[in-house]
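A quick write-up on the structure given underneath.
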Amino acid sequence: MTERIHHKRGDVFSAACVAWLDEALTTPRDLTNVTVTCSMKAPLRDPYAFQVTFDGDRTLGEFTLRAPSADTSNWRPTTWLADIQYATAGEPTSTETFQVQVLEDYTIGN
């Protein structure tokens, strides 16, 4: 089953993540010296690359995916497909594909 994240267009996007070594979610992956990237793509749209920050403990696999509201205001309301890629010594490994469901925002901001 594909995981799905819901996000309102124009809002700041921030998703705290943990990289796991096992499917039981018991052993975090040490991300020291690992390059982490994440992009998503929607039909007829250019790919979007998230900012990846390490606010937590890299040895416990903690990182955050971010996108400012200036960027997300340009995201088309539809289902985008994404994955996260971990690269060690240039050798990439990708996660399962997940969905980011971008929803229209109906409240007019300040």
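Between the OH atom of Y86 and the CZ atom of R29 there is a distance of 7.0 Å, given to the nearest 0.5 Å. Within the model, atoms OG of S73 and NZ of K8 stand 15.0 Å from one another, a figure rounded to the nearest 0.5 Å. Rounding to the nearest 0.5 Å places CG of D11 at 5.0 Å from CG of D105. The structure places OG of S39 at 10.0 Å from CG of L65, a figure rounded to the nearest 0.5 Å. To the nearest 0.5 Å, atom CG of residue L103 and atom CH2 of residue W75 are 11.5 Å apart.
Under the 3.5 Å distance criterion, the side-chain polar atoms of Q85 are left unmatched by any main-chain donor or acceptor of T93. With hydrogens and angles ignored, the 3.5 Å screen pairs a side-chain donor or acceptor of T95 with a backbone N or O of I84. With hydrogens and angles disregarded, a donor-acceptor distance shorter than 3.5 Å links the side chain of T72 to the backbone of G10.
Contact of the P68 side chain with the V12 side chain is not registered, since no non-hydrogen atoms from C-beta on lie closer than 4.5 Å. The shortest distance between side-chain heavy atoms of R9 and V102 falls below 4.5 Å.
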Quiz item: When you look at L31 and T59, which way does the side-chain contact (heavy atoms from CB on, under 4.5 Å) test go after all the steps?
Solution: CA-CA 6 Å; L31 296 177; T59 64; over 6 Å; no
Quiz item: Stepwise, does the side-chain contact (heavy atoms from CB on, under 4.5 Å) test hold for F13 with I5?
Solution: CA-CA 11 Å; F13 183 97; I5 298 169; 4.2 Å; yes
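When all heavy atoms are compared, the tightest approach of V18 to L60 is CG1-O, 3.7 Å. Of all heavy-atom pairs spanning C38 and V52, the tightest one is N-CG2, 4.3 Å. Minimum interatomic distance between M40 and A82 (heavy atoms only, all atoms of both residues): CB-CB, 3.5 Å.
Remark: the T53 side chain and the R66 side chain contain an N/O donor-acceptor pair separated by less than 3.5 Å.
In this pair, F54 and F63 present their aromatic rings tilted. The plane angle is within the 30 to 60° band.
Evaluated for a side-chain contact (heavy atoms from CB on, under 4.5 Å) with W80, the options Q101, R45, Q99 yield exactly one hit, R45.
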